[in-house]
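One structure is given below, encoded as structure tokens.
Just so you know, these numbers use all the heavy atoms, side chains as well, and skip hydrogens, waters and symmetry mates. Atoms within each ligand, like the ligands themselves, are counted from 1 in listed order.
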Amino acid sequence: MCGIIGYIGGGNAAREVYQGLKRLEYRGYDSAGGAFLNGDELVVVKKQGRVEKLLPFIDGLRATAGIGHTRWATHGAPSDGNAHPHTVGDISVVHNGIIENYAELKSELVADGAVFVSDTDSEVIAHLLNKFYDGDLAYAMKKTVDMLEGSYAILAVRRGVQRIYAACNKSPLIIGYGDGENFCASDEPALAGKCDGISVLDDGDFAEISAEGVIIYDGDMQAVIREISPNLAVCENLGLGDCPHYMLKEIREVPLSVTQTVKAFAGAEQKLKAAFAGVDRIILTGCGTAYHAALLGKRYFEIFAKIPAETEIASEFRYKNPVIGKNTAVIAVSQSGETADTVEAARLARGLGARVIAVTNSRRSQLNRVADAVVPVAAGVEICVAATKSYTGQVAALLACAFAVAGYSYAEKAGVFGNIAELCGKVIENIDASSLAHLCSRSRGVYFLGRDLDYAVALEGSLKLKEISYVPGEGYPAGELKHGTLALIDENTVSVFLITDERLAGKCANAVEQVVSRGGRAAVITNVNGVPEKLPECVEHIILLPECEPYLAPFLTAVAVQTLAYRTAVILNRDPDKPRNLAKSVTVE
Ligand code: F6R
């Protein structure tokens, strides 16, 4: 994973790299660093912790070029020493990806006398570049990447050489073209407001970047032209407004995410319908929260389009030799469009002849490039690592797809989405999850339970709570409780039941009884009339949501469980926006 940025030109390179790293921090934030061409010197600064830690050390530099890195540790603990850049001799390197054969390479280099100072896989790149350098860093880069197995986006600089050298394979790298200055970065948002044109490098490409221009080479070192397209990343107002955290701000943006997504869907509808012509089976795939959105999408396709649908966790799907025919549609759901497991699953499906549809919040991503059709999620930039508004945007996009494939026109169903947005707004305004959050914060385990669509949201509620509060727990189908999980229940656990389908309400109420009669603490989130009266008196917390059709309820329960997770994290003094050990965009497998 990790984010990398490079700048060369007449501006203040240290400031440009720092600002780029701030915009890339969502890709990892356990350490950060930069290497700067500062007159005749190569200045390298690297620190464990957030990007801000670099500022005092680079503020006074007058560098004309620099490369930077914000890290999500894969090999080697977060520490100053394992932070990038890695420097050997006069060459400094930043790397995003994983070098799978680093152990063999390291042994060979050590046998040749190389001394390693970090536990990272990336350090081998710096050693190889130093070994192969004979006055031409482009040549050394080619020789180096010929030795590498795995995924990489690499930037390198050398003291005294006014150039940045880049190479990539299966990790994204884009070039940004400015006026008397040029950039390279892991993704487009890092270059928001910085340049008008960008090129996306292909796997196997190299680039030699100077202030005056950029030369791109393919894997055979033949100069090639990569299309320059407009830089779509805009400097959105990414302030917190009156919210203490981005997570709260982004939960409040859920209604907008739904309405914007459905508006954007109008432009994608025809292409989607064409991609679905003749489809008789659907596989929905994604990771984490995106997978949970896929679970709801599966049910929407079954309910409305009456097409058999399955879900597969993207990281599992790839290794299952999936049976796919030409009438199978594979819907890959991903906020970032860069999740390696999801992108590779989509690539595999495409290779096997499936129609691939991307549902993504990114206008330009690897996933978009693999897909036959793209259904946009228009949630806007999501800063908090925990997905909130992008999840409801994904669910809205999948519902819109199911309606379209079922033959409903956009106009026929526009009102449904307006209704969802309005009801979500009411939940956001009225929900009080504080006392339940206090209970969760003191508990040993929190179990989220529900049936059918409520079960899908229960999984998401559980993930959200674990991810930002670190309170353990699980999401379970409410009916499965008695088949094992009940053994975990005692007075130190909380079971949160989601009950939004009248047909299943009685059975769920039985499960609540089973919990409380074993001394467990129980809470219920419901919008079904009559449910509160059916519950045992000792159910301490009942959160009431507005009534709606059961298929719309996931939007409302999603906001409720997101808010519960947020409140619990705040009580426990966790940073909900940057949970430990995580990163927003997971570009390694
Ligand atoms: C959880 C969360 C993750 C992501 C997952 C996939 O809050 O955000 O579980 O959903 O890493 O990311 P995308 O959607 O970018 O593919």
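- Here the protein heavy atom with the shortest distance to atom 12 (O) of ligand 1 is Thr339 OG1, 3.3 Å.
- Under a cutoff of 6.0 Å and an axis angle of 45°, Arg574 and Tyr470 do not form a cation-pi pair.
- Salt bridge absent: Arg23 and Asp187 never bring a charged side-chain N and a carboxylate O closer than 4.0 Å.
- In this structure, atom 14 (O) of ligand 1 lies nearest to the protein heavy atom Gln335 N, 2.6 Å.
- The pair Arg226-Asp202 meets the salt-bridge criterion, since a charged nitrogen lies less than 4.0 angstrom from a carboxylate oxygen.
- For Phe265 and Phe403, the distance between ring centers is not under 6.0 angstrom.
- Residue Val385 places a heavy atom less than 4.0 Å from ligand 1.
- For atom 15 (O) of ligand 1, the closest heavy atom belonging to the protein is Ser336 OG, 2.6 Å.
- With no hydrogens or angles considered, a side-chain donor-acceptor pair links Thr289 and Lys464 at under 3.5 Å.
- Looking from atom 11 (O) of ligand 1 to the surrounding protein, the closest heavy atom is Val586 CG2, 4.1 Å.
- Counting atoms of ligand 1 from 1 in the listed order, those under 4.0 Å from a heavy atom of Ala290 are 10 (O), 14 (O).
- Contact detail for Ala379 and Asn361: the closest heavy-atom pair is N-OD1, 3.0 Å.
- Side-chain contact, Glu382 with Ser390: a donor N or O sits under 3.5 Å from an acceptor N or O.
- Near Lys464, meaning under 4.0 Å from any of its heavy atoms, are these atoms of ligand 1: 1 (C), 7 (O).
- Residue contacts with ligand 1: Ala387 is placed with a nitrogen or oxygen under 3.5 Å of a nitrogen or oxygen of the ligand (distance criterion only).
- In terms of protein heavy-atom proximity, atom 3 (C) of ligand 1 is closest to Thr289 N, 4.0 Å.
- The option from Cys287, Ser365, Ser362, Gly286 that lies nearest to atom 5 (C) of ligand 1, judged by heavy atoms, is Cys287.
- For Lys298, the NZ atom sits in a packed shell: over 12 heavy atoms of surrounding residues, nucleotides or ligands are nearer than 6.0 Å.
- The ligand atoms of ligand 1 that sit less than 4.0 angstrom from a heavy atom of Glu467 are 1 (C), 2 (C), 7 (O).
- For Lys271, the NZ atom is loosely surrounded, since the number of other residues' heavy atoms within 6.0 Å does not exceed 12.
- The residue Glu338 has no part lying near ligand 1, judged by heavy-atom distances below 4.0 Å.
- Checked by distance only, ligand 1 and Thr342 stay at 3.5 Å or farther apart across all their nitrogen or oxygen atoms.
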